[in-house]
Amino acid sequence: MHKQKKEIYNFQSEVKQLLHLMIHSLYSNKEIFLRELVSNASDAIDKLRFESISSPKLYENDNDLKIQISVNKAQKTLIISDNGIGMSKKDAIENLGTIAKSGTKLFLKSLEQKTNKKNELIGEFGVGFYSSFMVSDQVSIRTRFAGTTANEGILWESSGEGKYNVTNITKKTRGTEITLFLKKEEEEFLETWRIKNIISKYSDHITVPIYMQNYDEKNKTYFWEQINKAKALWTLNKSSITDEEYKDFYKHLTNDQKDPLIWSHNHVEGKQEYISLLYIPQKAAWDIWNRDNKHGLKLYVKRVYVMDNSYEFLPNYLRFIRGLLDSNDLPLNVSREILQNNAVTGQLRKALIKRSLNMLDKISKNNIEKYQIFWNEFGLVLKEGPAEDHENIDIIANLLRFTSIKNNTSEQNMSLQKYISDMNEKQEKIYYITADSYLAAKNSPHLEIFKKNNIDVLLLSDRIDEWMMNYLIEFQGKKFQSISKEDLSINKFNQETKIKNNEISTEMIDFLKKVKKSLGDQVKDVRFTNRLTETPCVLLSDSTEMTTQMAKLFSAAGQSVPELKYIFEINPKHLLIKKICLIHDENKFNEWIKLLLDQALLSEKGHLDNPHKFIARMNKLLLK
Ligand code: ADP
Ligand code: MG
């Protein structure tokens, strides 16, 4: 037999970066490397099971699927082997020498920005196979792809420093055997009790049996001992599962180290048959705001693992939900394409949305503190709901939380239900204002008349709010109304502050005409206001026109926006207005009116196109 040639390869640069991070990592929880290797072994077995549905010969007459762990104390090695799908030479080079997944690349990017959180993120992200270099000086992999001949095996070796080599070898059994040459200071991983402990902590719910090799001192023989439960938790009866088990399973599923906030486990029979186990985390995943974040459920068909991140079953606005779906109705050979064009997918999606929203609804009623934790963490995501899911808009609206004038804190903890039940008897609509910040909303002059009449207004200041309010038309028969828009419904409760005709002098009527002339087409209209108590003037948007906040959203998105023309409303009872009314000098009068308009613009938009001009004009008038 002639000696096989070793081929030497360089790692892709991203892999080098990741390996460097692993080798020098100060991450204290190094034991997760075993979780990662066992999870890969289990994935490989799942893949074999799945592929063999269409080509049974892949089993090579060995269908006793298992993962085996053994140690060699003399050589200080830890060996993890599986009889799963294995890797061809090409697979090994692609899968272990490059990073194909955009998720991992993004993860590396995010590490660059968060140097101080690096170590924490390693565990959360689960950096996969490369984490074995946290504990090893050298890693060797013997592997052979299922269904190939014994001489098509390969040996992959690396010390994690820039290069790896690949050699053709003979391997009788299909699957993968990974040998870790442990670093001197990591010899604890040679202890059986330590390995058992890690497996029961992270891998109890792996559905493949995991065996550990043990030595029987008395008989001087080796034997294999199963060290995990290997039961698919979700298939068990709900009543036989403890909260602890649900929590452990969640951690196993997601790599999250925190307990989930809540979960919902359902066995459904009838027209559709499926099991779903849905969790809501306490904390958002690190990539929840990345465009291509990997959300979605783990999909099983009749207990067989099919794929991760099947996002087809939940809409974007529920992307914080983690968990799994095990369907009896989907075909076993289901692919992404089939999923997307399948009527069953649509029905399951509908059902899972309902389940998710019901889970939230229940918690919002039964455990307000928990719901508030949820809202503070994921409210911004749920606010995408009204735009994305018209069908469930009423349920979603009921789950939204707001702050308001009367709420008196910036925390969003008031439901629309509560708002409606506290409505003033003369009040027809649900009033709201959108602004750049809570303080800007809270201090807006638009609120004056509402405060005076003891009518509450929702204060909205998240960026998405204006967008969301475009889709929220009414709630339980009450229409939503932006208070920075012209609207007649305020007259219903505004008898007292309303200006009566006999209160307006002829001088004032002349004054109004002069203001109109002075401003010309800078404004849409000029009129006396019913809305103000403390401020001299305010700007309103026409009921059919775009609001200021919407215009800001558009221009922030790089779209051109037509110039907004406002209705300029003047408070004839205000002292400053009364004073300006007496000015006869036309130039001086025009200066004052311009100043008033700029004040109103500043208050409405939060900025002025030309602040210097405004300051110069004000200083000039102050000096007089
Ligand atoms: P991930 O599991 O998230 O894909 P890993 O870094 O853990 O990332 O593994 C990289 C790839 O290497 C896997 O996707 C798989 O293709 C391959 N691989 C790793 N371990 C095994 C194994 N035991 N059997 C077959 N393939 C494996
Ligand atoms: Mg992995």
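In this text, all values refer to a predicted model and were calculated from it rather than measured experimentally. Just so you know, residue 1 is the first one in the sequence shown, and it goes up from there. Atoms within each ligand, like the ligands themselves, are counted from 1 in listed order.
- Classification of the F249-W234 ring pair by plane angle, with boundaries at 30° and 60°, yields tilted.
- Side-chain atoms of D62 and N83 include a donor-acceptor pair closer than 3.5 Å.
- For a distance bound of 2.8 Å, the N, O or S atoms of S39 include none lying that close to the Mg ion (ligand 2).
- Within the 4.0 Å heavy-atom cutoff, M87 counts among the residues contacting ligand 1.
- In terms of N/O distances under 3.5 Å, ligand 1 is not approached by Y130.
- Cation-pi geometry between R144 and W156 is not met at under 6.0 angstrom from the ring centre and within 45 degrees of the axis.
- At under 3.5 Å, not a single nitrogen or oxygen of D43, backbone or side chain, sits near a nitrogen or oxygen of ligand 1.
- In this structure, E269 has no salt bridge (charged side-chain N to carboxylate O under 4.0 Å, His left out) partners at least two apart in sequence or on a different chain.
- In L37, neither the side chain nor the backbone holds a heavy atom less than 4.0 Å from any atom of ligand 1.
- By the salt bridge (charged side-chain N to carboxylate O under 4.0 Å, His left out) test, E7 pairs with K89, sequence neighbours left out.
- Below 3.5 Å of separation, one finds an N or O of F129 facing an N or O of ligand 1.
- In this comparison of V38, I45, N95, the heavy atom closest to atom 11 (C) of ligand 1 sits on N95.
- Close approach of ligand 1 to L96 is summarised as follows: ligand atoms under 4.0 Å from at least one heavy atom of the residue are 12 (O).
- Listed by number with element, the atoms of ligand 1 under 4.0 angstrom from any heavy atom of G128 are 5 (P), 6 (O), 7 (O).
- Aromatic ring centroids of Y305 and F50 lie 6.0 Å or more apart.
- Two rings, from Y371 and F374, have their centers less than 6.0 Å apart.
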